[in-house]
Amino acid sequence: MIDEDLAAGRHTRVVTRFPPEPNGFLHIGHAKSICLNFGIALDYQGKCNLRFDDTNPLTENESYVRAIEADVRWLGFEWGATAYASDYFEFMFERAELLIRKGLAYVDSETQDEIAAKRGTIHEAGRAGAFRDRSVAENLDLFSRMRAGEFADGAHVLRAKIDLAHTNLLMRDPLLYRIRHASHYRRGESWCIYPMYDYAHPLEDAYEGVTHSLCSLEFETHRPLYDWVVRETEAPCRPQQIEFARLVLSYTVLSKRYLMQLVKEGHVSGWDDPRLPTLAGLRRRGVLPQSIRRFADMVGVARANSTVDMGKLEFVLRDDLSPIAPRVLCVLDPLEVVVTNWPEERTDWLDASLWPADVAMEGTRRLPFGRRLWIERGDFAETPPKGWHRLSPGAEVRLRHAYVLRCDAVERDASGAAVRLLCTADLATLNAAPVGRKVPGTIHWVAADHAVACEIRLYDRLFSTEAPGTDEARSFLTELNPASLVVMRDAKIEPSVVGSDPVTRWQFERQGYFQADPVDSTPSRPVFNRIVTLKDGWTKVATREEPAAPAPRAKAGPQPAQNPVTSSKRLSARADPTHAALVARGVDVDTADVLAADEALLAFFDGAVARSAADPALVARWVANEIVRETKTRRLADIPVTPQAFGDLVKLIADGTVSASAAKDVFARMAKDGTDPGAIVADAGLRQVSDASALGAVVDAVVAGHAADVARYRAGKTQLLGFFVGKVLQASGGSANPAMVRELLLARL
RNA sequence: UGCCGGAUCGUCUAAUGGCAGGACAGCAGUCUCUGAAUCUGCUUAUCAAGGUUCGAAUCCUUGUCCGGCAACCA
């Protein structure tokens, strides 16, 4: 779209903007918009402004401005000077006066309720209020007194004078300004009237020379108003509003209202709670900004509402972290192991690689090994399930980077729970495979005497349902995942990690990716946040014994065939004598439905038939397809094609001078500039070639030139026929007789 | 029920009227001192019915379903 605008000369450079309102924190949905806007600017070597849409003094403040700037910078984008809508108030005011002078805006002194009542409904037109026809002079006077502070809040508003009967409610004299005696965080008391979004936003864009104003789908119905403001205020440039679908992510919420409620009511620890999808939360959790950017790229931009699977984000997180996260050992839920064949006082320092073979990084650390160890409680099972690869009585596992260990005995507490494992290490297995047997599993561990106690915060999805907040019957709070935060206060980590650069993202082997909490972690009491888990193939296997998943939801079967006679629209159309007359002339009923429904179209058809002398059925088909398409974007009268010219075109088709596909190209040009069809055909060399030997040569050339594709076709990929037809048509400049080409190809292939 | 949008694998997203492709997820296998990663292979989609066309996800018609819109919020 932008390419088109540039090509058409509508713009010479691209300017976009990201326009947050400073009344909340940015979340990953905003990140999508930021990446889009800044990304387009980067792609086209244009620029993207960061502009605060601060036109409502009641909810906005400076701290949000700072937080938002920090978030955008963190994401990795740069901009010139930060812009503020509140800097344009004077400009907006002047343009409002211009509207008043043009008779396109007026001061309305009715109450909010009266205005709402008179706006009408989707079924009824609105009614004019008592003040709609005030004189320009009176409006100007009132408006300047509004600004001067002579009136109380709500006493007057400035409204655009557009159309109270407009089918789009937003066009029914929308409010432009309201009185608000409030202190603005930047302008203080200097203004007491504030512009509304629909008025302010287009002017902000125009003021900054924005070319493409990207916003979310719900503003679609605002576009006519946006265009109206740009046009009628005679704005310095003509920005174009383009809508796209906002991001919806499963298992979380992305609405300002919900996020605010979670924070205000203390369901989370603050805007930067690592469970929140806010950029502040994601950052504190340890997420890399590049992952957010990659995720934004991955989800794409479209105009269809959709919900992106949280799993996609998690994939990017893991994928970006794996190559940069050193691997270390940390036991979350410790269970004591005594290596009975290891001397009491002896500690060996083992060299252990920080990186797996598939990561192109090098480095090792010293890992202590002693008689007492911690292993993960979950890695031991008294009665192992089928397929268990870990420790159980009598069984062996590999201790990562160390020895193969066998469990000989289990010590239990009064309740029978295991409290200590007595094990034997096979001392011949350091950096060596055990002899005569396979040890299926490897587990992580930490030497008890050198372990550092730490706190681990395990974050999971904030909600346990896929689409929280969509069930009207209950509060979204009931959908919170009670296990979204699990704190392991007694975790043990290997000593090498302590004292490292706090921004390091670690992989705790077999657990996930972690980073020290930037707020709560101290050298004496390290605290780590889990960024994301590792993919877990075992729990999947272990839980698979459940009853078989329900059959995929039944695909909507074929809908019942339309019975033409049951469609009321068609029924009435067919009762029409015009319809009957068309059918009598040979036009098929479906096409007749289309023509009979529109008088202008019918007249056009008649004109074309008269000129072409061709079969009315053929003319009707071409009118019903080609002309009707053009009328989607403009009125029939605005199409520079006369019924006569169209009749000429159909004549060319009817007598075989041009093929149907060439005729479409011809029509496209006619529709653009009204050129005579005969001239186009001559000019572009579209006269249909039906000479078998001439076409045969072209077909042979194409077949010879695409040997690989020919082989695929012969191997059964018959869909390629269309590809070959296309190639031949292309080679002939669009003049070949397609039906004949097809025949020839079929014979050759 | 007025206006405006939208509909392609389970999910997200591509395809000047010419090979329905990619990613995630899933499945199977490979490998493994991380049940991770890697590697290999596989399954799965054009909302429906008509029409136009040599050829339709794409154009036309009708219908179905979904979303948005009636704040002195943005």
Side-chain angles (χ1 to χ4, degrees), chain A residues 19 21 23 53 55-56 58-59 112 115-116 119-124 153-154 157 166-170 172 175 177-180 194 196-197 201 217-218 220-223 243 245 250 298-300 302-309 311-312 315 318 322 327 356-359 387 389-390 398-402 431 433 439-444 507 509-511 534-541 552 556 558-562 564 567 569-570 588 590-591 593-594 621-622 624-626 628-629 659-661 664 709 712 717 719-727 729 737-743:
Chain A
E21 186 189 10
N23 69 348
D53 213 351
T55 57
N56 182 359
L58 266 25
T59 57
Q112 191 167 344
I115 291 173
R119 185 154 22 224
T121 68
I122 53 176
H123 305 294
E124 293 161 37
D153 286 6
V157 291
H166 205 285
T167 52
N168 181 342
L169 284 326
L170 285 162
R172 319 246 260 228
L175 267 62
Y177 272 92
R178 76 286 208 184
I179 301 172
R180 259 278 221 255
Y194 290 91
M196 301 290 291
Y197 169 87
H201 205 86
L217 246 29
E218 74 255 37
E220 216 155 14
T221 45
H222 296 240
R223 197 188 328 142
E243 308 84 15
S250 60
M298 214 169 175
V299 301
R303 282 174 63 82
N305 287 308
S306 58
T307 303
V308 176
D309 187 351
K312 213 157 200 157
F315 164 80
R318 292 185 186 108
S322 178
R327 271 59 167 177
D358 57 296
V359 174
H389 286 186
R390 314 176 190 178
R398 159 75 68 180
L399 292 176
R400 178 72 162 152
H401 301 300
N431 300 319
V439 173
T442 300
I443 64 172
H444 57 278
Q507 185 195 101
E509 295 206 41
R510 307 209 305 132
Q511 314 266 14
L534 248 29
K535 239 171 95 171
D536 182 358
W538 167 247
T539 51
K540 213 177 338 187
V541 173
Q559 288 163 20
Q562 289 292 319
S567 159
K569 226 169 187 172
R570 291 187 175 192
D588 67 88
D590 284 319
T591 308
D593 283 335
V594 177
R621 282 204 299 271
W622 278 81
N625 278 288
E626 300 304 314
V628 168
R629 184 195 16 245
S659 66
S661 59
K664 292 202 179 188
D709 294 313
R712 282 203 296 150
K717 187 139 180 92
Q719 298 104 303
L720 280 171
L721 185 60
F723 163 80
F724 287 115
V725 174
K727 285 289 175 209
L729 252 36
N737 177 333
M740 187 172 286
V741 169
R742 188 189 184 85
E743 290 302 313

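This structure is a prediction, so every number in the text was calculated from the model and none was measured. Quick note on labels: first sequence line is chain A, next is B, and so on, each numbered from 1.
The CG atom of A/Leu534 sits 13 Å away from the C1' atom of B/rU38 (whole-angstrom rounding). The separation between A/Asp590 atom CG and B/rU62 atom C1' is 8 Å, rounded to whole Å. Whole-Å rounding puts the A/Asp593 CG to B/rG63 P distance at 11 Å. Between A/Leu217 atom CG and B/rC3 atom C1' the separation is 15 Å, expressed in whole Å. Rounded to an integer number of Å, the gap from A/Met298 CE to B/rC12 C1' is 9 Å. One atom, OH of A/Tyr177, and another, C1' of B/rC73, lie 17 Å apart when rounded to the nearest Å. A/Asp536 places its CG atom 9 Å from the P atom of B/rG35, with the value rounded to the nearest Å. The CG atom of A/Asp309 sits 13 Å away from the P atom of B/rU13 (whole-angstrom rounding).
Residue ring and base: A/Phe723 does not count as stacked with B/rG18 (centre distance below 5.5 Å and interplanar angle below 30° not both satisfied).
Each of A/Leu58, A/Asp53, A/Asn56, A/Thr59 was scored for a side chain to side chain contact (heavy atoms under 4.5 Å, CB included) with A/Asn23, with one residue passing: A/Thr59.
Judged by distance alone with a 3.5 Å cut-off, a donor-acceptor contact links the side chain of A/Lys312 to the base of B/rA23. For A/His389 against B/rG35, a side-chain-to-base donor-acceptor contact under 3.5 Å is present.
Within 4.0 Å (heavy atoms only), A/Val157 reaches at least one base atom of the nucleic acid. When heavy atoms are screened at a 4.0 angstrom cut-off, A/Arg318 is found touching no nucleic acid atom at all. As judged by a 4.0 angstrom heavy-atom cut-off over every strand, A/Thr307 is placed among residues touching the sugar-phosphate backbone only. At the heavy-atom level, A/Gly387 lies under 4.0 Å from base atoms of the strands shown. Here A/Arg390 lies in heavy-atom contact (under 4.0 Å) with a base. Within 4.0 Å of A/Asn168, counting heavy atoms only, lies no atom of the nucleic acid at all. Looking at heavy-atom distances under 4.0 Å, A/Glu21 makes contact with sugar-phosphate atoms alone, never a base. Residue A/Asp153 is classed as having no contact, given no heavy-atom separation below 4.0 Å to the nucleic acid. A/Thr221 comes within 4.0 angstrom of a base, heavy atoms only. Using a 4.0 Å heavy-atom distance criterion, A/Ala245 is classed as making no nucleic acid contact. Among the heavy atoms of the strands lying under 4.0 Å from A/Lys717 is at least one base atom, whether or not backbone atoms are also near. Within the 4.0 angstrom heavy-atom criterion, no nucleotide atom of any strand lies near A/His444. Within the nucleic acid shown, A/Gln507 comes within 4.0 Å of at least one base atom, counting heavy atoms only. A/Arg223 comes within contact range of no nucleotide atom at all, as no heavy-atom separation falls under 4.0 Å.
The nucleotide B/rU64 finds its pairing partner in B/rA7, both defining distances of the Watson-Crick or G-U wobble pair being shorter than 3.5 Å. With both pairing distances under 3.5 Å, B/rC54 is matched to B/rG18 as a Watson-Crick or G-U wobble pair. Remark: B/rG29 base-pairs with B/rC39; criterion is Watson-Crick or G-U wobble with both hydrogen-bond distances under 3.5 Å. Under the Watson-Crick or G-U wobble criterion, with both distances below 3.5 Å, B/rG2 is paired with B/rC69.
An OP1 or OP2 oxygen of B/rC4 is reached within less than 4.0 angstrom by no side-chain nitrogen or oxygen of A/Thr167. Within the 4.0 Å cut-off from OP1 or OP2 of B/rC72, at least one side-chain nitrogen or oxygen of A/Arg119 is found. Between A/Arg178 and B/rA71 there is no side-chain polar atom (N or O) within less than 4.0 angstrom of OP1 or OP2. OP1 and OP2 of B/rC24 both lie 4.0 Å or more from every side-chain N or O belonging to A/Lys535. Listed pair A/Arg510 / B/rG35 meets the phosphate criterion, a side-chain N or O lying under 4.0 Å from OP1 or OP2.
Nearest-nucleotide assignment on RNA chain B puts the 5′-proximal partner with A/Glu218, out of A/Gln112 and A/Glu218.
Atom P of B/rA57 sits at a distance of 15 Å from the matching atom of B/rG50, rounded to the whole Å.
A/Arg172 places a side-chain N or O within donor-acceptor distance of the main-chain N or O of A/Arg119, the cut-off being under 3.5 Å. No side-chain donor-acceptor contact under 3.5 Å links A/Asp309 to the backbone of A/Lys312.
Taken to the nearest 0.5 Å, the CD1 atom of A/Ile443 stands 13.5 Å off from the NE2 atom of A/His389. Taking CD from A/Glu220 and CZ from A/Arg303, the interatomic distance works out to 4.0 Å, rounded to the nearest 0.5 Å. Atom CG of residue A/Asp588 and atom CG of residue A/Asp593 lie 9.0 Å apart, to the nearest 0.5 angstrom.
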task: Report, as a single string ordered 5' to 3', how protein heavy atoms within less than 4.0 Å touch nucleotides 53-59 of chain B: B base, S sugar-phosphate only, - not at all.
output: SBBB--B
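Side-chain atoms of A/Glu509 and A/His401, non-hydrogen and from C-beta on, do get closer than 4.5 Å to each other.
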